[in-house]
Amino acid sequence: QVHLVESGGGLVQAGGSLRLSCAGTGRTFSSYAMGWFRQPPGKEREFVAVNKWSAGTSYYADSVKGRFTISRDNAKNTVYLQMNSLKPEDTAVYYCAAAPPVVPGVPKTPRVYDYWGQGTQVTVSS
């Protein structure tokens, strides 16, 4: 079982940067695909990025390509989301999530993720 705890959210100005962290527990942490999702005010939860450590691949939503970078430190059981050139439309509650290795391809839908963090608020001001 994987447990996730997020941190790093806050208030930043447009054009600024922020790094989110998600600390996980579980002996098979490295086997899981680790994803980031966000839920803007009044909107549905949407895919942001995912990393499959076992495959050495990452994938990003079009809206964040070139600005966000997902990475992880398996020794610390931690996944990160480096967010640069932030825009007001990036304002949302951000969640990290873990998908089991049985999920094929690139898991982009929330339904295939078994474990979720509590969410952390990111607010980008103009």
Side-chain angles (χ1 to χ4, degrees):
Q1 190 173 22
V2 177
H3 302 278
L4 306 174
V5 180
E6 301 177 6
S7 62
L11 175 64
V12 297
Q13 291 187 347
S17 299
L18 198 64
R19 185 180 67 190
L20 306 182
S21 299
C22 177
T25 61
R27 60 187 296 271
T28 60
F29 179 83
S30 63
S31 298
Y32 284 74
M34 298 299 302
W36 287 96
F37 292 78
R38 67 186 183 186
Q39 189 166 10
K43 304 292 185 180
E44 296 294 322
R45 192 168 300 185
E46 65 183 28
F47 170 79
V48 175
V50 63
N51 170 265
K52 269 193 169 183
W53 183 257
S54 60
T57 59
S58 297
Y59 186 85
Y60 300 89
D62 289 341
S63 59
V64 305
K65 284 182 180 178
R67 299 189 298 121
F68 291 10
T69 302
I70 187 171
S71 63
R72 70 162 86 187
D73 185 343
N74 286 333
K76 298 180 179 179
N77 281 356
T78 302
V79 63
Y80 305 94
L81 185 68
Q82 178 66 47
M83 305 184 295
N84 298 325
S85 301
L86 284 164
K87 306 174 181 179
E89 50 263 44
D90 294 319
T91 295
V93 177
Y94 283 71
Y95 300 87
C96 65
V102 68
V103 178
V106 180
K108 297 183 292 183
T109 58
R111 63 179 177 84
V112 302
Y113 286 81
D114 288 343
Y115 306 101
W116 294 84
Q118 80 284 357
T120 184
Q121 177 70 46
V122 172
T123 303
V124 184
S125 62
S126 301

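- To the nearest 0.5 angstrom, Gln39 atom CD is 10.5 Å from Gln121 atom CD.
- Residues that satisfy the side-chain contact (heavy atoms from CB on, under 4.5 Å) test with Ala98, not counting sequence neighbours, are Val2, Leu4, Tyr32, Met34, Tyr115.
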Inset, instruction - Begin with the C-alpha distance, continue with both residues' side-chain angles, and end with the deciding distance and a verdict on side chain to side chain contact (heavy atoms under 4.5 Å, CB included) for Leu81 and Thr69. - result: CA-CA 6 Å; Leu81 185 68; Thr69 302; over 6 Å; no
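- Residue-environment remark: CD (Glu89) exceeds the threshold of 12 foreign heavy atoms within 6.0 Å.
- The shortest side-chain heavy-atom distance between Arg38 and Arg45 does not fall under the 4.5 Å cut-off.
- Distance CH2/Trp53 to OG/Ser30: 9.0 Å, rounded to 0.5 Å.
- A continuous path of hydrophobic side-chain contacts links Tyr59 to Val103 [ILVMFWY only; heavy atoms under 4.5 Å].
- Every pair tested for side chain to side chain donor-acceptor pair (under 3.5 Å) that includes a residue from residues 4-13 fails, sequence neighbours excluded, so the list is empty.
- A continuous path of Ile, Leu, Val, Met, Phe, Trp and Tyr side chains, each step under 4.5 Å between heavy atoms, connects Tyr60 with Met83, placing both in one hydrophobic cluster.
- Between Val112 and Ala99 the shortest heavy-atom distance is O-CB, 3.7 Å.
- Shortest non-hydrogen contact noted between Pro101 and Ser31 is CB-O, 3.3 Å.
- Residue pairs meeting the salt bridge (charged side-chain N to carboxylate O under 4.0 Å, His left out) criterion with at least one member in residues 47-62, sequence neighbours excluded: Asp62-Lys65.
- Taking the six-membered ring where the residue is Trp, Tyr113 and Phe37 present perpendicular rings, their angle passing 60° and hence far from 30°.
- Formation of a donor-acceptor pair under 3.5 Å by the Ser63 side chain with backbone atoms of Ala61 is not found in this model.
- Ser126 and Ala14 get closest at one heavy-atom pair: CA-CB, 4.4 Å.
- Linking ILVMFWY residues whenever their side-chain heavy atoms come closer than 4.5 Å, directly or via other members, places Phe68 and Val79 in the same cluster.
- Across Asn84 and Ser17, no two heavy atoms sit closer than the pair OD1-OG, 2.8 Å.
- How far CD of Gln82 is from OG of Ser21: 9.5 Å, rounded to the nearest 0.5 Å.
- Between Gly117 and Tyr95 the shortest heavy-atom distance is O-CD2, 3.7 Å.
- Residues forming a side-chain contact (heavy atoms from CB on, under 4.5 Å) with Val12 (at least two apart in sequence, or on another chain): Leu18, Leu86, Val124.
- Closest of all the heavy-atom pairs between Trp36 and Ile70 is CD1-CD1, 3.5 Å.
- Note on Tyr94: it clusters hydrophobically with Val64, by side-chain heavy-atom contacts below 4.5 Å among ILVMFWY residues.
- Hydrophobic clustering of Ile, Leu, Val, Met, Phe, Trp and Tyr side chains at less than 4.5 Å, counting indirect connections, keeps Tyr80 apart from Val50.
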Legend entry - From CA spacing to verdict: side chain to side chain contact (heavy atoms under 4.5 Å, CB included), Thr120, Leu20: CA-CA 8 Å; Thr120 184; Leu20 306 182; 4.1 Å; yes
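- Residues satisfying the side chain to side chain donor-acceptor pair (under 3.5 Å) criterion with Arg67, sequence neighbours excluded, are Asp90.
- Here Ser58 pairs with Asn51 under the side chain to side chain donor-acceptor pair (under 3.5 Å) rule; sequence neighbours left out.
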